[in-house]
Every structure is written in structure tokens, then in C-alpha cells.
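A quick write-up on the structure given underneath.
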There are 2 protein chains.
Amino acid sequence: MEVRHLRYFIAVAEELHFGRAAQRVNICQPPLSQQIKDLEQELGVALFCRNHKKVSLTDAGAAFLEDARDILRRVELAAERARSVGRGALGRITMGLVLPALDTFLLDAIREFRASNPGIEIQLLELGTLAQLKALAAGDIQVGVMRLFQQDTKGLVAERILEEPYVLALPSKHRLASLKEVPIGALDNESFILFPRRTHPALYDKIIACCSAAGCTPTIEQEATTKVTAIALVAAGIGIALVPASTRKQHRFGVVYRPILGDLPVVELSLVWKEGTESAALYKLIDTVIERSILPI
Amino acid sequence: MEVRHLRYFIAVAEELHFGRAAQRVNICQPPLSQQIKDLEQELGVALFCRNHKKVSLTDAGAAFLEDARDILRRVELAAERARSVGRGALGRITMGLVLPALDTFLLDAIREFRASNPGIEIQLLELGTLAQLKALAAGDIQVGVMRLFQQDTKGLVAERILEEPYVLALPSKHRLASLKEVPIGALDNESFILFPRRTHPALYDKIIACCSAAGCTPTIEQEATTKVTAIALVAAGIGIALVPASTRKQHRFGVVYRPILGDLPVVELSLVWKEGTESAALYKLIDTVIERSILPI
DNA sequence: GTAATCTGATATGTAATATATATCAACGCA
DNA sequence: TGCGTTGATATATATTACATATCAGATTAC
């Protein structure tokens with residue numbers, strides 16, 4: 001059974017006249033009769049009653065007519081849906097992002113994107129960088145926002161969308177709080193609060209190396225997985241923390257922020273997706289995010 | 001777009017390999033590639049990403065896959081449904097019946113039919129004979145149970161399923177109640193309760209004619225559209241009534257029934273349907289009813 | 001580095017089949 | 001009875017889906 005049979009059948013069922021039906025589907029009457037006969041034979045049921053004077057539907061024909069119409073509608077709908085998805089008017093994207101990304105322009109960009117692309121459903125998933133890389137490979141997310149510092153990006157496309165320097169978060173009573181800017185060298189023997197090494201091994205090592213190069217040996221007093229935790233620990237006087245500059249938004253009594261003088265890696269956020277991905281909706285999203293990105297040029 | 005395209009597409013989408021997919025649908029790889037290309041061209045969207053090493057679905061392809069599977073399922077379902085209707089395993093019948101039919105074997109027959117044909121939905125509609133004839137012509141009912149006495153049955157098929165004589169319903173204090181059987185001639189000058197002439201003109205006239213032939217001129221005191229009304233009127237002493245024998249089931253204080261001696265038309269119930277109807281479910285129902293009919297042979 | 005192998009695409013011939021033309025058979029109507 | 005209408009049948013034709021052979025790009029193996 002082919003779609004053609006359904007089209008022909010519907011024409012005959014609606015006209016109840018082979019000649020007119022044939023005209024309607026732009027073929028001659030004999031092949032139409034033939035095709036209907038083929039259809040009936042395949043189904044093993046008579047769809048029409050032919051009385052030489054009047055054609056009428058059998059019960060089976062009436063039932064089949066409803067189904068045939070429905071199927072035809074669905075075929076057209078499926079085609080239209082595929083086209084919509086193809087041009088990015090329809091879609092579903094799951095996006096991973098690291099927690100700090102929430103403090104950036106990103107949510108605004110996504111809100112704006114949702115408004116102008118109501119057909120594209122975006123699901124956000126808070127995930128660490130490594131988890132996002134796995135999720136990308138597994139296809140659980142189509143795009144991620146992560147700290148890509150020295151990660152392996154084979155088979156991936158990455159676009160840096162934000163970078164900011166580290167600043168120092170200090171208890172306001174700390175001896176270094178009186179300085180406008182703090183040189184790295186001054187941090188020798190300070191108690192540090194830093195993210196756990198496993199979340200960003202390369203970045204972690206690089207920071208330690210930079211400190212060493214500046215002649216200071218930091219003591220890692222405490223690990224903090226989120227910026228909020230880190231600031232809380234600083235406020236409690238547990239130590240000092242290296243945090244991205246955007247963290248300054250999080251005002252907290254007893255904590256002051258100071259720029260750092262010296263060579264430290266820059267904190268970055270990158271938009272990452274799979275190479276060779278074929279998704280118009282995804283590229284629309286990527287374009288929007290990159291356009292809104294606030295990188296120094 | 002034809003069903004074939006959907007079958008091919010699903011095969012490729014599931015195998016993600018043109019060669020294997022071709023094998024699965026029993027054609028060679030080149031025509032399969034060709035057909036998929038045709039499909040993509042018709043849709044105006046790429047459904048697959050061909051990377052010389054790996055075939056993968058595009059977003060549009062993934063969306064289309066869901067629809068294609070659904071459509072194919074529906075096509076198979078439609079075929080199965082048509083076959084079921086064709087062999088009478090599935091169907092919907094609206095049946096008209098006159099009120100007196102409810103006092104007969106008919107409801108039992110229908111109950112039994114419903115039990116053994118759960119796929120066939122039967123709707124009952126209480127209608128007078130003339131209304132049923134109209135409804136048959138209009139297609140509002142497919143079959144009717146009616147009093148067909150001398151009605152025009154052109155284009156219809158009728159099968160008598162029940163016949164019974166008239167009996168006389170009398171007030172128990174009536175002078176004729178003492179008789180075992182009442183000759184028609186004894187009814188002269190009695191007050192009659194009869195159905196309205198418009199419901200069965202021919203039958204009505206025939207009854208009057210029979211009375212006249214027996215030398216009695218009945219006075220039609222009162223019309224009654226239902227047997228219950230007629231019996232109630234008899235009980236109230238308004239007159240005597242001619243009712244079908246089966247009415248005796250309806251015992252009522254103050255009313256007695258007596259057979260009539262003489263020539264009166266027989267009350268009959270007929271099963272009527274349209275000539276040339278092509279409905280397995282309907283014929284199943286007709287067969288059941290006729291089989292259960294209780295006619296003297 | 002080159003051959004071997006695998007992938008899907010292309011080119012072209014062939015077979016299947018959907019369609020067109022011509023005609024028929026059955027029925028209704030004048 | 002002849003004429004017009006209906007759908008079915010017979011046969012020819014054109015389309016097209018498919019098969020065969022081959023190619024081009026990519027990966028793997030030696």
C-alpha cells in the first residue's frame with residue numbers, strides 16, 4: 001500500500017464516481033479503477049459497492065476512509081515538521097552549564113533566545129566541565145558552557161564567550177585588605193581556599209605553578225565547590241580565596257575583593273558543541289550566545 | 001512521498017548504514033541511496049549526515065523518524081481495521097424498533113449478539129414504522145423492526161420475525177368477559193380503543209373492514225399510542241381494546257383478555273433493511289435475529 | 001607510503017508498473 | 001430500440017524503481 005492508493009481512494013470515496021475522481025487526481029479512469037482494485041485486493045476487503053449506476057462505500061470502506069484521511073494529514077504534518085526542524089523553527093536543545101555561568105550574561109541571552117524562538121525548547125542542566133564533556137559525547141547535551149582550560153577538545157568546537165581575571169577575596173580585617181592591589185608574591189604562606197583539583201586539574205596546577213613562579217607557596221586550607229561556599233569561608237576567616245572577577249557581584253559583609261598584580265591564568269567560559277552537528281536550532285542558539293558574548297576584542 | 005520512502009528511511013535511520021538498510025528492505029544500496037535522496041529533496045531538508053565513515057540523523061531526520069514510525073503503524077492499523085470491519089468483527093449499527101418490539105424475544109437476541117460480538121456497537125432507537133422507513137432511506141438507521149403491514153418496501157428487504165393474533169382486552173365487569181372467546185360480531189356498538197390511524201393507516205382500515213364484514217360497526221372512542229395506555233383506558237372502563245396477544249403479559253387489575261373468533265389481520269413484526277447493503281456486521285445481526293425469531297413454520 | 005577495505009555516490013541499463021488509449025458490458029432513459 | 005452513462009477490461013506506452021558496475025573519499029594495515 002502506498003500513499004498514492006490512499007489519495008486515490010479518498011478521491012473516489014468523496015466523489016463516489018470513478019470518472020470525476022480520476023479527473024480530480026489527474027489520471028484517467030481505467031488506471032484509477034485498477035489502483036482501487038489493487039488496494040482492495042491487498043486489504044482483502046471490498047471498499048466500494050459498484051452498482052453500475054451508483055458507487056457507494058462499504059462499511060469497511062467507510063472505516064478505511066477515516067483512517068486514510070488521518071494518515072494523509074499526518075504525512076503532510078510530518079513533512080512540515082521536518083521542514084520546520086530543518087530551518088530551526090522547531091527543536092529541542094539540552095544545554096549544560098557550569099554553575100558560575102549563571103552569574104554571566106548567559107541567562108539573559110537564553111531568555112532573549114527563548115522569546116524570539118518559541119518553537120525551540122531549551123533545557124538547562126547544571127553540570128561540571130568534565131561531566132559536560134561526557135554528556136556531549138553521549139549526546140545527552142547538545143551544547144555546553146564550561147571552563148575549557150587546557151581540556152582535550154578533539155571532535156569538538158569551542159568558542160570562548162567570556163574571560164575575566166582572578167581577584168582575591170579577603171576577610172576585611174586581613175592585613176592585605178589595606179592594599180589597593182595585591183602582588184602574588186604577598187600571598188606566601190597564606191591559607192588558600194580553592195576549587196577541588198579534580199574539577200579542573202590543569203587549571204589548578206597552573207595556578208599553583210604561577211604562585212610558585214612568583215615565589216609564594218600557598219597552603220590550600222580548604223576546598224570549595226561553589227563561589228558562594230568560598231566567600232562564606234572567607235567571611236568566616238578560614239582563609240583567602242582566588243575567585244573570578246564577576247564574583248564581586250556577591251557582596252558579603254566581612255569580605256573585600258582586591259585585584260591581583262602578576263601573572264595568573266585568566267578564567268574563561270567557553271561554548272562547546274560537537275563537530276559536524278547538523279542542527280539549525282542549535283546554531284541559532286550558538287549564534288545568539290556568541291553575539292551577546294562580552295569578550296575584549 | 002510514498003509509504004515506501006518511509007519504510008526505507010526508517011531502515012536507514014535504524015541501521016545508520018545504507019548497505020545494511022538496503023539488505024533489510026531487500027533492495028540494493030544504490031537505489032536506496034537514490035530514494036532517500038528523493039525523499040530529502042521533496043522535504044527540502046537533509047535527513048542524514050553522511051560523513052563517509054558514519055551516517056547519523058540530523059535533527060530534522062530524528063523528528064521525521066518519530067512521525068514516519070507513527071505513520072507506518074497507522075497504515076498497518078488502518079488495513080487491519082478495514083479487514084476487521086470487512087469480516088464483521090468490528091462495526092457500528094443503529095437499529096430502529098417500534099415500542100411493542102420491546103416485549104418480544106428481540107432484546108434477548110440483541111443481548112446475546114452483543115455478548116458474542118463485542119466489536120460491534122449496536123445503538124437502539126425507538127421509532128414508529130413510518131419514521132423507520134424514512135430513517136432507513138436517510139441512512140440514519142441500518143435496520144429496523146416494524147409493523148410492515150401493506151407498507152411499500154421497494155428497495156428494502158423485509159423478513160417477518162414475529163406474528164401474533166389480536167386479542168380483546170375487556171374490563172373484567174364487561175358483559176362479554178363471561179365468554180371464553182368473543183366472536184367479532186358480538187362487538188357491534190362497543191366503544192373501541194385503537195391505535196391512531198396515522199401510525200398504521202392500512203392496518204387500521206383493514207381492522208375496520210374486517211369488523212364491518214362481520215356485521216359490526218365499532219365506535220372508536222379513544223386512541224392510544226401505546227399498549228400501556230390502551231390497557232389503562234380499558235381498566236378505567238372507557239372501552240374495549242384490540243391488542244396483540246403478547247400484551248397479555250401486562251397483567252392489570254380489572255382487565256381480562258379474550259381470544260377473538262373471526263377474521264382479523266395478524267399483527268406482525270418485520271426486520272427491514274436496505275437492499276444491497278454491504279455490511280458484514282449487519283448481516284451477522286440480521287442472521288442472529290432471524291434465527292431467534294419465533295414464527296410458526 | 002601504498003595497497004586494501006570500507007563507506008556512500010554516480011552512471012547506466014533493465015524490469016516493473018503506473019498510466020493512457022481504445023473498447024466493452026451493463027444499465028437507465030427517452 | 002438507440003443513446004448516454006457507468007465502471008471494467010485489454011493492450012500499449014511511459015515512467016520509475018531497481019540492479020549492475022564503477023567511482024571517490026576515508027580509514028586501516030602492512
Side-chain angles (χ1 to χ4, degrees), chain A residues 1-43 45-58 60-61 64-65 68 72 75 154-155 274-276 278, chain B residues 1-43 45-58 60-61 64-65 68 72 75 154-155 274-276 278:
Chain A
M1 191 194 318
E2 296 293 337
V3 173
R4 168 173 28 88
H5 291 112
L6 301 182
R7 268 194 294 265
Y8 291 174
F9 167 73
I10 291 172
V12 178
E14 284 179 357
E15 300 286 345
L16 291 178
H17 188 289
F18 278 78
R20 280 195 297 277
Q23 216 161 358
R24 199 168 105 180
V25 297
N26 286 314
I27 61 171
C28 296
Q29 172 262 315
L32 178 62
S33 293
Q34 188 60 45
Q35 293 287 313
I36 296 293
K37 214 175 95 181
D38 291 349
L39 178 60
E40 287 179 321
Q41 186 157 13
E42 178 178 348
L43 292 178
V45 176
L47 298 172
F48 293 104
C49 260
R50 288 95 154 165
N51 289 331
H52 269 116
K53 190 64 203 165
K54 201 159 58 183
V55 173
S56 60
L57 280 165
T58 61
F64 192 66
L65 178 58
L72 232 60
V75 167
K154 207 176 64 177
K274 253 180 159 174
E275 207 171 34
E278 196 78 27
Chain B
M1 192 195 317
E2 296 293 337
V3 173
R4 166 174 30 88
H5 291 112
L6 301 182
R7 269 193 294 266
Y8 291 174
F9 167 73
I10 291 172
V12 178
E14 285 179 355
E15 300 286 345
L16 292 177
H17 189 288
F18 278 77
R20 280 194 297 277
Q23 216 161 356
R24 199 168 104 181
V25 297
N26 286 315
I27 61 170
C28 296
Q29 171 263 316
L32 179 61
S33 292
Q34 188 60 43
Q35 293 288 311
I36 296 294
K37 214 175 95 179
D38 291 349
L39 178 60
E40 288 179 321
Q41 187 157 14
E42 179 178 346
L43 292 178
V45 176
L47 299 172
F48 294 104
C49 257
R50 289 96 154 163
N51 289 331
H52 273 291
K53 189 64 205 165
K54 201 161 55 182
V55 173
S56 61
L57 280 165
T58 61
F64 193 67
L65 177 59
L72 231 59
V75 167
K154 207 177 66 178
K274 254 181 160 173
E275 208 171 33
E278 197 76 27

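Note that this is a predicted model, so its numbers are computed, not measured. Letters go in sequence order (proteins before strands), and every chain restarts at 1.
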Check: Would you say a side-chain N or O of S33(B) is under 4.0 Å from OP1 or OP2 of dG8(C)?
Finding: no
Check: Roughly, in whole Å, what's the span from CD1 in I36(B) to C1' in dA17(D)?
Finding: 14 Å
Check: Rounded to the nearest Å, what distance is computed from the CD atom of residue E40(A) to the C1' atom of nucleotide dG7(D)?
Finding: 12 Å
Margin query: Would you say that V55(B) contacts H17(B) through its side chain, given a criterion of any heavy-atom pair below 4.5 Å between the two side chains?
Written below: no
Check: Any donor-acceptor pair under 3.5 Å between the side chain of Q34(B) and the base of dA9(C)?
Finding: no
Checklist line | Identified side-chain contact (heavy atoms from CB on, under 4.5 Å) counterpart of L65(A) within the set L47(A), L57(A), L6(A), V12(A) | finding: L57(A)
Notebook entry, point to check: Among dG7(D), dG8(C), dT19(C), which nucleotide sits nearest the side chain of R4(A)?
Noted result: dT19(C)
Notebook entry, point to check: Rounded to the Å, how far apart are I27(B) CD1 and dT16(D) C1'?
Noted result: 13 Å
Item checked: Interatomic distance, R20(A) CZ vs dT6(D) P [rounded to whole Å] -> 7 Å
Notebook entry, point to check: When the ring planes of F18(A) and F48(A) are compared, do they come out parallel, tilted or perpendicular, using 30° and 60° as the limits?
Noted result: perpendicular
Notebook entry, point to check: Do E2(B) and R7(A) sit within salt-bridge range, that is, some charged N less than 4.0 Å from a carboxylate O?
Noted result: yes
Margin query: Using side-chain heavy atoms (C-beta onward) and a distance below 4.5 Å, is I27(A) in contact with R4(A)?
Written below: no
Notebook entry, point to check: Can you check the Q29(B) CD to dC23(D) P distance for me, whole Å?
Noted result: 15 Å
Next item on the list: Report the distance from atom CD of E42(A) to atom P of dA18(C), rounded to the nearest whole Å.
Entry: 11 Å
Check: Looking at K37(A), does any N or O in its side chain come under 4.0 Å of the phosphate oxygens OP1/OP2 on dT9(D)?
Finding: yes
Next item on the list: Using only side-chain N and O atoms of R50(A), determine if any of them is under 4.0 Å from OP1 or OP2 of dA8(D).
Entry: yes
Notebook entry, point to check: Given dA19(D), dT21(C), dT19(C), which nucleotide is nearest the side-chain atoms of Q35(A)?
Noted result: dT19(C)
Check: Separation of L32(B) atom CG from dT20(D) atom P, in whole Å?
Finding: 15 Å
Check: Counting side-chain heavy atoms from CB outward, which of dA20(C), dA11(C), dT9(D) is closest to P30(A)?
Finding: dT9(D)
Margin query: Using a heavy-atom cut-off of 4.0 Å across all strands, would you classify Y8(A) as base, sugar-phosphate, or nothing?
Written below: sugar-phosphate
Note to self: Please report the distance, rounded to the nearest Å, between CD in E15(A) and C1' in dT5(D).
What the structure shows: 16 Å
